[in-house]
2 protein chains.
Amino acid sequence: MARPTLVSLARELGVSRQTVSNVINAPHLVKTETRERVQAAIEASGYRPNVAAQALRNRRSMTLAMRMHPTLEDGINGAIRDRFLHHLVVAARAQGYSLLLTTADSFDDEVDVLTEMHVRGTIDGCVLTDTHAGDSRPSRLVANGVPVAAFGRPWGHDERHPWVDVEGWRGTHAATNHLLEAGHERIGFIGWPGNSDTGVDRRTGWERAMAEHGYGAETGRWQAERVDQIEQGMEAAEKLLDEGVEAFVCASDSLALGALEAVRRRGFEGLEAPVIGFDNTPVARAMGLSSLDQPVEQAAEVLCRQLVARIAASQDATGSVEDEHVLLEPTLVVRELAEMYAPVED
Amino acid sequence: MARPTLVSLARELGVSRQTVSNVINAPHLVKTETRERVQAAIEASGYRPNVAAQALRNRRSMTLAMRMHPTLEDGINGAIRDRFLHHLVVAARAQGYSLLLTTADSFDDEVDVLTEMHVRGTIDGCVLTDTHAGDSRPSRLVANGVPVAAFGRPWGHDERHPWVDVEGWRGTHAATNHLLEAGHERIGFIGWPGNSDTGVDRRTGWERAMAEHGYGAETGRWQAERVDQIEQGMEAAEKLLDEGVEAFVCASDSLALGALEAVRRRGFEGLEAPVIGFDNTPVARAMGLSSLDQPVEQAAEVLCRQLVARIAASQDATGSVEDEHVLLEPTLVVRELAEMYAPVED
DNA sequence: TTGTAGGCGTTATCAG
DNA sequence: CTGATAACGCCTACAA
């Protein structure tokens with residue numbers, strides 16, 4: 001027994017296929033009596049419109065795509081991506097869209113893959129993540145006519161596409177203030193080497209807060225740059241502790257975990273360790289490390305809305321919409337150190 | 001300038017659209033000369049077949065779906081899911097399929113959502129994860145005519161669908177043997193409370209290895225059951241250490257991290273901690289904890305192959321294929337504890 | 001309010 | 001080897 005179609009339903013009911021279609025897409029056009037009869041038949045038969053036919057006819061696939069980056073050191077870490085992805089799917093669904101996952105070997109390849117999908121009508125638009133300085137993906141995709149929305153601002157470029165980003169500096173700023181208010185004075189910062197935009201951004205918040213409290217002169221001495229590993233964090237923290245630093249804001253949870261270990265070994269007062277990480281990873285939660293949480297849920301939602309608006313604009317040919325550029329703020333999650341990791345007594 | 005179609009290309013070249021189609025799908029039917037002329041035009045114009053039209057015509061969307069579970073305690077953890085997903089996308093792509101992500105509020109809802117997608121022609125089949133005892137999803141989906149392949153065996157049921165699973169017990173068995181060979185004698189096991197199938201499976205490997213080495217009588221005393229948290233693992237380990245246990249195999253990395261801390265505090269010889277976790281999470285890697293790695297890449301690949309075969313069978317109506325049931329083995333990843341976490345000296 | 005007609009872009013079948 | 005014809009299932013004008 002084949003699946004019912006508009007035509008088969010219409011035939012059975014003795015009406016035209018158009019009437020059935022109207023019952024679904026423009027019920028107000030159909031006489032109540034007919035409508036109810038048709039609706040009953042639709043439900044009884046379990047009829048569902050075929051998406052391929054709709055896509056062909058409407059020229060929209062109601063599908064978005066996003067590249068699944070291989071887990072990289074410097075990209076969004078696994079846990080965050082997992083959360084982001086989940087919310088993205090939910091947000092897309094809420095707008096009637098599906099999310100398709102893709103892979104690519106490189107950023108260049110990503111542009112090709114996404115463009116191809118768009119040309120073939122597989123997707124209506126795409127989400128970009130892991131933006132970086134000099135990232136040419138957005139402009140190239142836009143040039144190819146592919147609607148784009150990015151998670152991450154276009155560092156240094158003034159791109160013509162909507163994006164959402166999290167203002168890391170506001171997070172580290174809040175974290176620094178929190179430590180200062182808790183009575184600590186010499187707050188250090190452990191960040192990444194090089195001038196990655198995210199890295200500079202996160203350090204800036206600390207610098208600013210310190211300057212605001214009259215420690216501007218010390219920000220040169222009280223900071224360290226290490227690659228993103230626990231051990232590196234610990235080593236850096238020990239060096240800074242020797243210089244008199246007593247609390248730490250870190251660019252990542254990995255570095256923070258290292259700093260935490262260093263701090264534990266020297267002991268500290270109270271239940272809350274004077275160390276704050278970034279990204280609020282599961283480990284941080286498990287150990288009781290305070291951390292900055294990125295509002296990925298909200299980011300996913302905004303991103304989706306932007307993208308859908310962009311798609312609508314690109315199809316209505318009503319011209320361009322105002323590109324939204326949204327900045328969100330991380331939330332400081334304060335925790336007490338898990339008992340088992342309480343500082344080692346001297 | 002609209003995108004080229006078969007018709008527009010055909011018109012330009014003065015051939016029929018069918019010929020153009022043949023050049024793409026059945027080149028051998030076309031005279032070399034014509035073929036080359038058409039091919040040149042295709043490349044020059046950047047023509048790409050429209051997937052909606054293909055899907056409509058071929059009645060296959062070349063798309064698979066998988067539910068994105070909200071991160072749960074007992075499900076696949078974030079990091080593993082991330083890896084699995086990535087490989088699934090790659091494997092699907094290799095077979096010409098795309099992967100669509102979905103959400104659902106419950107297992108029941110998941111069946112509805114996936115069935116709906118299949119009825120509407122959005123997807124050709126789906127992947128199931130987080131299978132559990134009494135899981136009715138596979139049979140219901142199969143009943144609805146949706147091709148299915150599951151990551152996780154149908155615990156206790158003899159389902160008629162292909163699946164792949166990882167034999168946890170072989171992992172813990174190998175881990176236990178490794179510790180025994182390293183000279184430890186009294187190996188304990190820290191697992192989860194209750195009788196979750198995965199939990200029992202993982203414990204079984206340890207029990208078996210212990211029995212094989214003449215410690216069968218001790219497996220009752222040398223094990224503990226705790227909820228999956230670091231602190232619980234530590235507490236359990238301390239209790240067992242007091243009973244004379246000297247090394248641990250754990251059902252998860254969380255429990256193992258706790259056990260590791262307990263072991264550190266008492267000190268141990270060598271660089272390799274006498275603790276082995278499960279799932280090879282990033283934290284384990286960072287801290288230098290030995291762990292059992294699930295072959296998710298291979299699982300994704302096999303799963304995809306199974307599903308595609310299943311789809312083909314469901315469409316050729318050639319009857320049913322032999323359902324494959326594949327069991328894979330975890331790999332023991334032995335690590336030396338990160339220097340900074342070296343045991344505390346007495 | 002309902003029905004008719006045309007077309008979205010592709011592929012399979014069959015005749016030339 | 002090539003081309004004409006007929007769907008695949010849906011939606012939007014437009015006509016009745």
J.: Establish, with yes or no, whether the OP1 or OP2 oxygen of D:dA4 is under 4.0 angstrom from a side-chain nitrogen or oxygen of B:Ser16.
T.: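 No, because none of the side-chain N or O atoms of B:Ser16 sits under 4.0 Å from OP1 or OP2 of D:dA4.
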J.: Could one point to a donor on the side chain of B:Arg57 or the base of C:dA12 with an acceptor on the other under 3.5 Å away?
T.: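 When only heavy-atom distances are counted, B:Arg57 does not reach the base of C:dA12 through any donor-acceptor pair under 3.5 Å.
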J.: When you measure from the side-chain N and O atoms of B:Thr34 to the phosphate of D:dT2, is any distance below 4.0 Å, counting only OP1 and OP2?
T.: yes
J.: Report yes if the side chains of B:Arg37 and B:Val15 come closer than 4.5 Å at any heavy-atom pair, otherwise no.
T.: yes
J.: Is A:Arg17 side chain donor-acceptor paired with the C:dA5 base, going by distance under 3.5 Å alone?
T.: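 Indeed there is one.
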J.: With heavy atoms under 4.0 Å as the rule, sort B:Val15 into base, sugar-phosphate or nothing.
T.: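 Sugar-phosphate contact only - B:Val15 comes under 4.0 Å of backbone atoms but never of a base.
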J.: Look at the side chain of A:Pro49 and decide which nucleotide, out of C:dG3, D:dC10, C:dG9, has an atom nearest to it.
T.: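 Per side-chain heavy atoms of A:Pro49, the pick is D:dC10.
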J.: Whole angstrom is fine here: how far is it from CG in B:Asn22 over to C1' in D:dA4?
T.: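 The answer, rounded to whole Å, is 13 Å.
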J.: Measuring from the side chain of B:Tyr47 (C-beta onward, heavy atoms only), which nucleotide among C:dT10, D:dG9, D:dC11 has the closest atom?
T.: C:dT10
J.: Would you call the rings of A:Phe107 and A:His132 parallel, tilted or perpendicular, taking 30° and 60° as the class edges?
T.: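 Judged by the thresholds at 30° and 60°, the geometry between A:Phe107 and A:His132 is tilted.
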J.: Can you find an N or O donor on one side and an acceptor on the other, under 3.5 Å apart, linking the side chain of B:Arg11 with the base of D:dG3?
T.: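 Answer no: no donor N or O sits under 3.5 Å from an acceptor.
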J.: Take atom CE of A:Met62 and atom P of C:dC8, then tell me their distance rounded to the nearest Å.
T.: 21 Å
J.: How close or far is atom P of D:dA16 from atom CD of A:Gln18, stated in whole angstroms?
T.: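 Rounded to the whole Å, the gap is 16 Å.
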J.: Whole angstroms only, please: what is the CG-C1' distance between A:Leu13 and C:dG3?
T.: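 The answer, rounded to whole Å, is 15 Å.
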J.: So which one's nearest nucleotide on DNA chain D is more toward 5', B:His28 or B:Ala53?
T.: B:His28
J.: Taking OP1 and OP2 of D:dG3, is either one under 4.0 Å from a side-chain nitrogen or oxygen of B:Thr19?
T.: yes
J.: With a cut-off of less than 4.0 Å, is there a side-chain N or O of B:Thr5 near OP1 or OP2 of C:dG9?
T.: no
J.: To the nearest 0.5 angstrom, please state how far the SG atom of B:Cys126 sits from the CZ atom of B:Arg310.
T.: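 The SG atom of B:Cys126 sits 11.0 Å away from the CZ atom of B:Arg310.
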J.: Just the rounded figure in Å: distance from P of C:dT10 to CD1 of B:Ile24.
T.: 8 Å
J.: Check whether any side-chain N or O of B:Asn50 sits under 4.0 Å from OP1 or OP2 of C:dT10, and answer yes or no.
T.: no
J.: Flag the pair A:Leu99 / A:Met66 as yes when at least one side-chain heavy-atom distance between them is below 4.5 Å, and no otherwise.
T.: yes
J.: Would you say a side-chain N or O of B:Gln54 is under 4.0 Å from OP1 or OP2 of C:dT11?
T.: yes
J.: Heavy-atom nearest nucleotide on DNA chain D for B:Arg35 versus B:Arg59: which residue maps closer to 5'?
T.: B:Arg35
J.: Could you give the distance from CG (B:Leu9) to OG (B:Ser45), rounded to the nearest 0.5 Å?
T.: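 If we round to the nearest 0.5 Å, B:Leu9:CG and B:Ser45:OG are 4.5 Å apart.
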J.: Under 4.0 Å, counting only non-hydrogen atoms across every strand here, what does A:Asn58 touch: a base, just sugar-phosphate, or nothing?
T.: sugar-phosphate
J.: Let me know the distance between CG of B:Asn25 and P of C:dT13, rounded to the nearest Å.
T.: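 Roughly 13 Å, once rounded to whole Å.
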J.: Expressed as a whole number of angstroms, how long is the span from A:Leu56:CG to D:dT12:P?
T.: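 Going from CG in A:Leu56 over to P in D:dT12 covers 13 Å.
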J.: What is the separation between atom CG on A:Leu29 and atom C1' on D:dC14, rounded to the nearest whole Å?
T.: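 The distance from CG of A:Leu29 to C1' of D:dC14 comes to 14 Å, rounded to the nearest Å.
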J.: Can you find a side-chain donor-acceptor pair between B:Asn22 and B:Gln18 that sits under 3.5 Å?
T.: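 Yes - a donor-acceptor pair under 3.5 Å links their side chains.
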